[in-house]
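Taking it in order: structure first as structure tokens, then the write-up.
Computed from a predicted model, the values in this text were never measured in an experiment. The sequence lines fix the lettering, A, B, ..., with proteins before strands; numbering per chain opens at 1.
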Amino acid sequence: MASKIQPVKGTREFYPEQMFLRNFIYEKVRAASQAFGYQEWDAPFIEPIDLYAAKSGEELVKKQSFTFQDRGGDYVTLRPELTPSLARMIAAKQNELTQPVRWWSFGPFWRYEQPQKGRSREFFQWNIDMLGVNSPEADAELIAIAATFLRSVGLNPQLATIFVNNRRLMDSEFDALDIVPEKRLEVSSLVDRRSKMEPANWSEYALELGLTKKQVNGLKDMLGNFELWKKSDELTRLFTAVEALGVKEYVKFDPNIMRGLLYYTGTVFEAFETSGSLKRAILGGGRYDNLLADVGGQPLPGVGFAMGDVVMGIILQENGLLPDFVPTPAAALVTIFDESMWKKSFELAAQLRNVGLNVMVYPEPVKLQKQFKFADKMKIKIALTVGPDEAANDQVAVKNLVNGEQVTVKREAVVESIRKILARV
RNA sequence: GAGCCUGUAGCUCAACGGCAGAGCGCUACACUGUGGCUGUAGAUGUUGCGGGUUCGAAACCCGUCAGGCUCCCCA
């Protein structure tokens, strides 16, 4: 055997089965995005490294992205995220674009990370954003889109929940606890980490950060207070809008949701599977009102979220929500009776394709048994045979492979016969 | 970047340091104009790769590659 060259670590090969799932997710993503009128767009897959260096930390760009020199000596990066490209493209045509901008995208991304369950180095991600509007109602729309998607793939509110919080609310709570601004970053990551740590260890860690006992206790009270949203006008309005949009049952307030990103300014949200084995977020996003100004554009508020295909695929599989795999788009298989009938079979297939039917012809005049077995494995619903008997009378044998019934019809009547079977199964 | 676990037929997995196996799948035939179900027969392999220990290694040791879990990170 020749030596095997393996695929690059962390990449996935998409055999037809996997491609079917990827397309299933893509179709549902597109349907949810389009249901709210969003436009599909995309950015380059390769970007200058500087695009990310401005916003992301240097370590992230250097250690967790696929970066290399092109033949001209410039440093380029396989895009690890879409938002910087979005910000650039919006900024370039800021006065030209009809606002609000509502855009969605589904494409490949690369991150040089340790592959694990739910995480690969090459993955597909859904990004969807609204720019030009700063309101809790706009935030609610994005959350409703996420909920619409979850519902469309069969993840009901018992299986998946979108947890919502607000950065401004948290900031005012931190103020009330006299947590100084310099500590906010550390405290944010402390909050982020709470679900992953034992309560005792967490408290200890909090004290190590230099918080007083009073502050730690105040923090604990705050993070356990699921009525805290009532203090926030933004969240109150958001929940009202979410209810009106018909997705209330998917959305819960949770003061523990922080999001690692620095650029979020208001609403933040993350969806999790409620009972699954994965601790990873299904999707996450929030409001980023300073981002465009940060990359040199005119200030423009925005809200959006991203969802990866890897976690989604695992969750669908674990919940038995994978769609039934359809191996081929062919509605019918035309068999080849023997060498003398080859021409007749090709002509029949061409005739059927002319009226828009997807038709596959068996490529060799082998035993009919083998050809039918192939049709069965490919889950093709109809088999068409032109043997000497049929050819003599200008007829075709049409077999319904789902129920086993076979009829012999005139060649002109084949299309009707096929359509009848397809309408029934 | 760090720690732990795993790698055997296409797939899921067995095999005390002593003949490399089972189930499923695959191929052929039963069935010379028809699939699924059944029966019979058959083919599976550098035990991830490279080295070492041993009379003898799938097993033990070292390295390496790949996967999984955790830490880190999660744009």
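In this structure, Lys377(A) reaches the U27(B) phosphate: one of its side-chain N or O atoms is under 4.0 Å from OP1 or OP2. For Lys370(A) and U34(B), the shortest distance from a side-chain N or O to OP1 or OP2 is not below 4.0 Å. Residue Lys373(A) places none of its side-chain N or O atoms closer than 4.0 Å to OP1 or OP2 of U27(B). Checking the phosphate oxygens (OP1, OP2) of G35(B), no side-chain nitrogen or oxygen of Lys379(A) falls inside 4.0 Å.
In this structure, Phe372(A) places its CZ atom 14 Å from C1' of C31(B), rounding to the nearest Å. Taking atom OH of residue Tyr15(A) and atom P of nucleotide G10(B), one finds them 12 Å apart after rounding to whole Å. In this entry the distance linking CG of Leu368(A) with P of G36(B) reads 13 Å, nearest Å. Computed from coordinates, the Met341(A) CE to G33(B) C1' distance equals 12 Å when rounded to whole Å. Rounding to whole angstrom units, CG of residue Asp192(A) and C1' of C74(B) are separated by 10 Å. For Glu113(A) and C71(B), the CD to P distance is 14 Å, given to the nearest whole Å. Rounded to whole angstrom, the span from the CZ atom of Arg119(A) across to the P atom of C74(B) amounts to 10 Å. Residue Gln18(A) contributes atom CD, which lies 13 Å from atom P of C11(B) at whole-angstrom precision.
Across all strands shown, Gly308(A) has no heavy atoms under 4.0 Å from either base or sugar-phosphate atoms. Within 4.0 Å (heavy atoms only), Gly284(A) reaches no atom of the nucleic acid at all. Base contact: Gln116(A) has a heavy atom under 4.0 Å from a base atom. Within 4.0 Å (heavy atoms only), Val386(A) reaches no atom of the nucleic acid at all. No engagement by Phe374(A) is indicated, since no non-hydrogen atom pair under 4.0 Å with the nucleic acid exists. Using a 4.0 Å heavy-atom distance criterion, Glu390(A) is classed as a base contact.
Residue-to-nucleotide contacts include no donor-acceptor pair under 3.5 Å from the side chain of Asp376(A) to the base of G36(B). Judged by distance alone with a 3.5 Å cut-off, a donor-acceptor contact links the side chain of Lys399(A) to the base of G35(B). With hydrogens and angles ignored, a donor-acceptor pair closer than 3.5 Å exists between the side chain of Gln406(A) and the base of U34(B).
Ranking G33(B), A2(B), C26(B) by closeness to the Thr385(A) side chain, first place goes to G33(B). Candidate nucleotides C74(B), G68(B), G1(B) were compared by shortest atom distance to the side chain of Arg280(A), and C74(B) ranks first. With distances taken from any side-chain atom of Arg111(A) to the nucleotides C29(B), C74(B), G35(B), the minimum falls on C74(B). In the set C73(B), G33(B), U34(B), U34(B) carries the atom at the smallest distance from any side-chain atom of Gln369(A).
Checked options Trp103(A), Tyr38(A), Tyr288(A); the residue passing with Asp129(A) is Tyr288(A) (criterion: side chain to side chain donor-acceptor pair (under 3.5 Å)).
A gap of 12 Å separates the C1' atoms of A20(B) and A59(B), to the nearest Å. Separating the C1' atom of U64(B) from that of U27(B) is a span of 37 Å, rounded to the nearest Å. Comparing the same atom, C1', in A58(B) and in G7(B) gives a spacing of 11 Å after rounding to whole Å. Comparing the C1' positions of G25(B) and U12(B) gives an interatomic distance of 11 Å, to the nearest angstrom. Across C24(B) and G68(B), the matching C1' atoms stand 24 Å from one another, rounded to whole Å. For U47(B) and U8(B), the P atoms lie 11 Å apart once the distance is rounded to whole Å. Annotation: U44(B) and U6(B) have their P atoms spaced 31 Å apart (nearest Å). Look at the P atom in both A14(B) and U53(B): the space between them is 30 Å, to the nearest Å.
Inter-residue side-chain proximity for Lys252(A) and Phe226(A) is flagged as unmet; no heavy-atom pair is nearer than 4.5 Å.
Base pairing of U44(B) is not made with any nucleotide, judged by Watson-Crick or G-U wobble geometry with both donor-acceptor distances under 3.5 Å. Base-pair partner of A30(B): U38(B) (Watson-Crick or G-U wobble, both distances under 3.5 Å). In this structure A22(B) sits in a base pair with U12(B), meeting the Watson-Crick or G-U test at under 3.5 Å. Using Watson-Crick or G-U wobble geometry with both donor-acceptor distances under 3.5 Å, G56(B) finds no partner in any strand shown.
A salt bridge links Arg12(A) with Asp309(A); the closest basic N to acidic carboxylate O contact falls under 4.0 Å. Checked for salt-bridge contact, Glu141(A) and Arg102(A) meet the test: a charged N lies under 4.0 Å from a carboxylate O. Under the 4.0 Å criterion applied to side-chain N and carboxylate O atoms, Arg30(A) and Glu27(A) are assigned as salt-bridge partners. Taking 4.0 Å as the cut-off between side-chain N and carboxylate O, Lys344(A) and Glu390(A) do not count as a salt-bridged pair.
For Phe305(A) and Trp126(A), the ring centers sit closer than 6.0 Å to each other.
Between Phe163(A) and Phe272(A), the angle of the ring planes lies from 30° to 60°, which puts this pair in the tilted group.
Along RNA chain B, the nucleotide closest to Gly10(A) and the one closest to Asn403(A) are compared, and the more 5′ of them pairs with Asn403(A). Residues Ala397(A) and Gly118(A) each lie close to RNA chain B; by heavy-atom proximity, the contact nearer the 5' end of the strand is made by Ala397(A).
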